[in-house]
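What follows is a short report on a single structure.
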Amino acid sequence: MTDHQFGTFGIATGLDSSPHSLEAAQAAEELGYPTIWLSGGPLPGLQTIVDLIGATNSIKFVSGILAVVKYSAADVSTTYAAMEASAPGRFTVGLGGAHGAKPLATLNAYLDEVDVPVDRRVLAALGPRMLELARDRSAGAYPFLVSAAYSAEARKVLGPDKLLAVSHLVVLESDADRARAIARDTISFFPRIPGYAASLKRQGFTEEDLAELPDHMVDALAAWGTPADIKAKLTEHLDAGADHVAVNVITGVTGPQPIEQWRALAPTLLA
């Protein structure tokens, strides 16, 4: 595995330019998390990235993931250049969302146009062809909703020198029924999306699994329990070949950022 300066464990979360989001980013930095992967809800705008970097001192941000059908290559290039001038090394461009009939062709064309160094861009990737594109035209891949077994297979495709940063659901809850219910509620949306459904089937889950979300599937895709339990589960990705795990904390409640959960996890994850 390679050192891509993101640390071993980061945070995957949805932030905007609101005061609460800026305070959440500052709290994550103070707790010692090295990287925030921006995700969730409406994807972060370019101005949000500028605002978050301006509100913090050293924590790195990765757009996870800017949809190439929404943000022009010119605008992304301009924002990257501005951030590299004012806060060098703190913004890595995560790209994906090439929906349509020819996603690989769409993303390839975008990569031809965007003015961001290969080692400072990461691609959302699930299937083998997208992983190959991430290997050939970026620093590496950022998959979501994958098991540790997937990480082992993805490492084979990416080779030894490319980043594999996995976003993994986390529930800080030791009651098995409640933890799985929270995770299942989040997971249930994704089997209805063709790309995720195909990925889950490639990982060995059946049509029945996708419909019913049994415990073994939930346990493969979400880490729950005590901080020690969660670290042990996330470490399975590292042992399988991932370089970095972005901790996507879910609580079952829509609202403020889960700062208290980040705080509870930090002594174990960042030790």
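The side-chain heavy atoms of E84 and F91, taken from C-beta on, include no pair separated by under 4.5 Å. Within the 4.5 Å cutoff, no side-chain heavy atoms of V114 are placed close to those of V93. When side chains are defined from C-beta on, T56 counts as touching F61, because their heavy atoms get closer than 4.5 Å. Taking the side chain as every heavy atom from C-beta outward, W224 and D175 never approach each other to under 4.5 Å. Residues S58 and E29 meet the side-chain proximity criterion, which asks for heavy atoms closer than 4.5 Å. Considering only heavy atoms from C-beta on, L221 stays 4.5 Å or farther from V146 through its side chain. Counting heavy atoms from C-beta outward, L46 and L66 have side chains that approach closer than 4.5 Å. Contact of the Q203 side chain with the L200 side chain is registered, since non-hydrogen atoms from C-beta on lie closer than 4.5 Å.
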- request: Might you work through the side chain to side chain contact (heavy atoms under 4.5 Å, CB included) test for L38 and L52, ending with a clear yes or no?
  value: CA-CA 10 Å; L38 299 170; L52 289 166; 3.6 Å; yes

- prompt: Can I36 and T13 be said to form a side chain to side chain contact (heavy atoms under 4.5 Å, CB included), step by step?
  reply: CA-CA 7 Å; I36 292 177; T13 190; 3.9 Å; yes

task: Carefully, step by step, assess T92 and F6 under the rule side chain to side chain contact (heavy atoms under 4.5 Å, CB included).
output: CA-CA 10 Å; T92 296; F6 293 143; 3.6 Å; yes

task: Take L234 and V170 through the side chain to side chain contact (heavy atoms under 4.5 Å, CB included) test and state the conclusion after the steps.
output: CA-CA 9 Å; L234 299 182; V170 165; 4.2 Å; yes

query: Under the salt bridge (Lys or Arg N to Asp or Glu O under 4.0 Å) criterion, do R155 and D243 qualify, and how do the steps go?
result: CA-CA 10 Å; R155 174 51 67 197; D243 301 290; 2.7 Å; yes

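The neighbour count for R178 CZ, taken as heavy atoms of other residues, nucleotides or ligands under 6.0 Å away, does not exceed 12.
Of all heavy-atom pairs spanning G94 and V62, the tightest one is N-CG1, 4.1 Å. The two residues V76 and Y71 make their nearest non-hydrogen contact at CG2-CB, 3.9 Å. Of all heavy-atom pairs spanning I65 and G96, the tightest one is CG2-N, 2.8 Å. Nearest heavy atom pair, residue S151 against residue A242, reads OG-CB, 4.3 Å. Taking both residues in full, the closest heavy atoms of I53 and A87 are given as CG2-CB, 3.6 Å, listed atom of the first, atom of the second, then distance. In this structure, A246 and A12 approach most closely via the heavy-atom pair CB-CB, 3.9 Å.
Donor-acceptor pairing under 3.5 Å is lacking for the side chains of T78 and D75. No side-chain donor-acceptor contact under 3.5 Å links Q257 and S21. Counting only N and O atoms by type, the side chains of D209 and T206 include a donor and acceptor under 3.5 Å apart.
Between D112 and R137, at least one side-chain nitrogen of the basic residue sits less than 4.0 Å from a carboxylate oxygen of the acidic one, meeting the salt-bridge criterion. In summary, E132 and R129 do not engage in a salt bridge, as defined by a charged side-chain N under 4.0 Å from a carboxylate O. The pair D219-R180 meets the salt-bridge criterion, with a side-chain N (NZ, NE, NH1 or NH2) lying under 4.0 Å from an Asp/Glu carboxylate O.
Cluster membership check: L172 does not share its hydrophobic cluster with V253, using side-chain heavy-atom separations under 4.5 Å among Ile, Leu, Val, Met, Phe, Trp and Tyr. Clustering ILVMFWY residues whenever any of their side-chain heavy atoms sit less than 4.5 angstrom apart, transitively, puts L169 in the very cluster that holds F189.
Within the model, atoms CZ of R184 and CG of D215 stand 5.0 Å from one another, a figure rounded to the nearest 0.5 Å. Distance check, rounded to the nearest 0.5 Å: CG of D51 to CG of L15 gives 11.5 Å. With rounding to the nearest 0.5 angstrom, the CG atom of N57 is 9.0 Å from the CD atom of E30. The NZ atom of K102 sits 12.5 Å away from atom CG of N108, with the distance rounded to the nearest 0.5 Å. Rounded to the nearest 0.5 angstrom, H237 NE2 and T8 OG1 are separated by 14.0 Å. In this structure, the separation between CZ on R120 and CE on M83 is 11.5 Å, given to the nearest 0.5 Å.
A distance-only check finds a donor-acceptor pair linking the side chain of S188 to the backbone of D185 [under 3.5 Å]. Side-chain atoms of Y33 never come within 3.5 Å of backbone atoms of A27 as a donor-acceptor pair (strictly under, hydrogens ignored). T235 places no side-chain N or O within donor-acceptor distance of the main-chain N or O of L238, the cut-off being under 3.5 Å. Although no hydrogens or angles enter the test, the distance criterion places no donor-acceptor pair under 3.5 Å between the side chain of K231 and the main chain of L265. Judged purely by atom type and a 3.5 angstrom limit, S199 has no side-chain atom pairing as donor or acceptor with the backbone of G195. The backbone N or O of G159 lies less than 3.5 Å from no partner atom in the side chain of R135, so there is not a single donor-acceptor pair. Side chain of S77 to backbone of D115: a donor-acceptor contact under 3.5 angstrom is found.
Taking the six-membered ring for Trp and thresholds of 30 and 60 degrees, Y142 and W37 have nearly parallel ring planes, at less than 30 degrees apart.
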